[in-house]
Amino acid sequence: MGDRFRPEEQTRALGLATLAFTVCFAVWTIFSIIGVKIKTDLGLSDTEFGLLVATPVLTGSVSRIFLGVWTEQYGGRIVFPLQMVLTAVAVWLLTTVDTYPLFLLAALGLGLAGGSFIVGVSYVSRWFESKSQGTALGIFGVGNVGAAITNFAAPFLVVAFGWEVTAQVYAGVLLLTAAGFYLLAKTDPVEAERKRTGRRIIRASAQLEPLKYIQVWRFSMYYFFVFGGFVALASFLPRYYTGAYGLELTTAGVLAGLYSLPGSVFRALGGWMSDRWGARFVMYLTFIVSLVCLFVMSYPKTSYSVSGVHGPITFEIGISLGAFVVLSAILGFVMSLGKAAVYKHVPVYYPNHVGSVGGLVGMIGGLGGFVLPIMFGVLLDVTGIWTVPFMLLFAIVGVSTVWMHVAIRLMELRRHPVLAEERYLSDVPEEPHP
């Protein structure tokens with residue numbers, strides 16, 4: 001493998017980055033739990049609550065562009081701890097405010113935690129060869145389990161100590177993680193070589209050059225659902241369970257964790273599957289299963305009355321709590337596979353622009369996590385139907401599936417008209433098309 005990719009250094013880099021990302025992701029989704037208490041304290045509407053939950057996602061999304069570029073320029077060992085320290089300060093300041101506008105302002109700073117993803121992707125990808133990057137980035141992506149940690153643990157902290165102490169605990173853990181990463185992590189091989197040779201830092205404009213290609217934006221659309229939808233549901237499900245099924249917050253948090261957990265830990269499996277069978281196959285699997293799950297989850301509880309021989313006959317159709325939990329776990333599982341599949345494409349097609357291209361893909365995906373909770377809240381306020389957010393997600397997946405299939409078929413027909421029928425699932429590299 002050579003001195004550049006020594007196994008012990010790969011393991012160190014991957015392990016530290018995954019741990020840091022897990023902590024950051026737990027912080028990034030903290031409003032899914034403490035937001036429920038803040039909603040009650042401030043008397044917020046569903047739309048206002050959706051905006052509060054989504055605000056950290058906005059910062060975490062937009063920041064991925066410049067954090068990705070900075071990581072390409074200065075290395076993850078510097079950018080990662082700096083991002084964590086700034087986030088920890090914002091989380092602590094969250095406990096000092098008491099009005100809705102100030103909560104939104106503090107939430108903007110907290111959202112920097114979401115930018116940690118592209119920092120880790122850029123840092124980890126530099127330690128692995130192309131044939132192993134899918135698996136490595138899949139393992140790194142397991143850090144999404146931070147959302148499950150928050151769903152499982154934060155409700156009990158809130159009940160025992162209050163949401164303010166919970167936020168302070170999170171801030172302290174984030175500071176300790178930042179210090180540990182800086183002290184234990186090593187400079188990545190690319191950055192070390194740049195320093196050794198004295199090569200100039202690549203200009204940001206050059207890093208952003210690939211963003212003119214249409215397939216970069218298509219990958220971003222995939223990520224809008226598999227990641228943005230994941231973040232949105234991780235934040236929305238505790239509210240859904242407490243409202244639609246009348247559960248206590250602690251129970252709702254645990255059940256939401258049953259969605260977040262498979263939506264996180266199986267990302268490594270998605271990376272391995274993408275390395276072995278191709279990212280396209282994994283994306284088809286993700287979208288098709290998601291369509292089935294969301295179709296069932298979208299059906300609202302409905303009462304029917306028909307005229308019978310001996311009078312009206314009434315009956316109800318709706319999804320039970322147990323069935324909903326199972327479907328949400330399946331949905332989280334395939335979304336986890338899809339997240340890994342999307343990022344398998346980035347270092348393969350754009351090996352010299354992982355930070356900028358991955359930053360854009362991550363930003364669009366993160367914007368899904370910002371826009372969708374707001375849309376969930378608006379749709380709930382307008383329609384009053386609990387399952388309408390799942391109807392919206394069904395429509396998004398449908399559009400993404402059609403776009404992906406048409407794009408792949410057109411590319412195959414253009415390059416291999418005779419073999420198109422049998423090759424459209426394989427990972428034949430796509431040519432950039434501005």
Looking at [X] and [Y], would you say the former's side chain and the latter's main chain have a donor-acceptor pair under 3.5 Å?
X	Y	answer
Ser336	Gly332	no
Thr150	Ala26	yes
Arg12	Leu184	yes
Ser298	Met391	yes
Thr401	Val397	yes
Thr59	Leu108	yes
Ser116	Ala113	yes

Is the shortest side-chain heavy-atom distance between [X] and [Y] below 4.5 Å?
X	Y	result
Phe31	Leu110	yes
Leu237	Phe324	yes
Thr87	Cys24	no
Leu392	Val388	no
Leu285	Met273	yes
Leu42	Leu52	no
Asp188	Trp127	yes
Leu372	Ile396	yes

Quiz item: Side chains of Tyr222 and Arg218: is there a donor and an acceptor less than 3.5 Å apart?
Solution: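 Yes, side-chain donor-acceptor contact under 3.5 Å.
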
Are [Y] and [X] an aromatic pair, judged by ring center distance below 6.0 Å?
X	Y	value
Phe219	Tyr223	no
Phe103	Trp163	yes
Trp28	Phe227	yes
Tyr259	Tyr240	no
Phe181	Tyr123	yes

Quiz item: Should we count CH2 of Trp92 as having more than 12 external heavy atoms under 6.0 Å?
Solution: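 Not more than 12 within 6.0 Å, no.
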
Looking only at non-hydrogen atoms, find the nearest pair between [X] and [Y] and report the distance.
X	Y	answer
Met335	Ser290	CG-OG, 4.5 Å
Ala90	Ala106	CB-O, 4.3 Å
Trp403	Met221	CZ3-CB, 3.5 Å
Gly270	Ala340	C-CB, 3.5 Å
Ser274	Val282	OG-CG2, 3.8 Å
Ala136	Val124	CB-CG1, 4.2 Å

Quiz prompt | Derivation and outcome, side chain to side chain contact (heavy atoms under 4.5 Å, CB included), residues Leu255 and Leu258 | solution = CA-CA 5 Å; Leu255 294 182; Leu258 295 178; 3.9 Å; yes

Exercise. Scan Phe230, Phe25, Phe80, Phe21 and name whichever one has a ring-ring contact (aromatic ring centres under 6.0 Å, His included) with Phe117.
Key: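 The passing option is Phe21.
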
Quiz item: Phe236 pairs by ring-ring contact (aromatic ring centres under 6.0 Å, His included) with which of Tyr241, Phe376, Phe49?
Solution: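 Of the listed residues Tyr241, Phe376, Phe49, the ring-ring contact (aromatic ring centres under 6.0 Å, His included) partner of Phe236 is Phe376.
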
Self-check item: side chain to side chain contact (heavy atoms under 4.5 Å, CB included), paired with Lys339, selected from Val334, Val226, Leu137
Solution: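 Of Val334, Val226, Leu137, side chain to side chain contact (heavy atoms under 4.5 Å, CB included) with Lys339 is met by Val226 alone.
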
Kindly compute the distance separating [atom1] ([X]) from [atom2] ([Y]), expressed to the nearest 0.5 Å.
X	Y	atom1	atom2	result
His405	Leu410	NE2	CG	9.5 Å
Thr11	Glu9	OG1	CD	10.0 Å
Leu104	Thr55	CG	OG1	4.5 Å
Leu44	Leu51	CG	CG	9.5 Å

Quiz item: In terms of ring plane angle, is the pair Phe295 and Phe394 parallel, tilted or perpendicular, where the classes change at 30° and 60°?
Solution: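 The arrangement is tilted - the two ring planes meet at 30° to 60°.
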
Distance-only check: which donor-acceptor pairs under 3.5 Å involve side-chain atoms of residues 242-250, not counting sequence neighbours?
| residue | atom | partner | partner atom | Å |
| --- | --- | --- | --- | --- |
| Thr242 | OG1 | Pro238 | O | 3.1 |
| Thr242 | OG1 | Arg239 | O | 2.9 |
| Tyr245 | OH | Ile319 | O | 3.2 |

Quiz item: So Ile330 and Val292, side chain to side chain contact (heavy atoms under 4.5 Å, CB included) or not? Walk me through it.
Solution: CA-CA 10 Å; Ile330 295 173; Val292 174; over 6 Å; no

Self-check item: CA sep, side-chain torsions, deciding dist, call: Leu331, Leu327, side chain to side chain contact (heavy atoms under 4.5 Å, CB included)
Solution: CA-CA 6 Å; Leu331 180 64; Leu327 285 173; over 6 Å; no

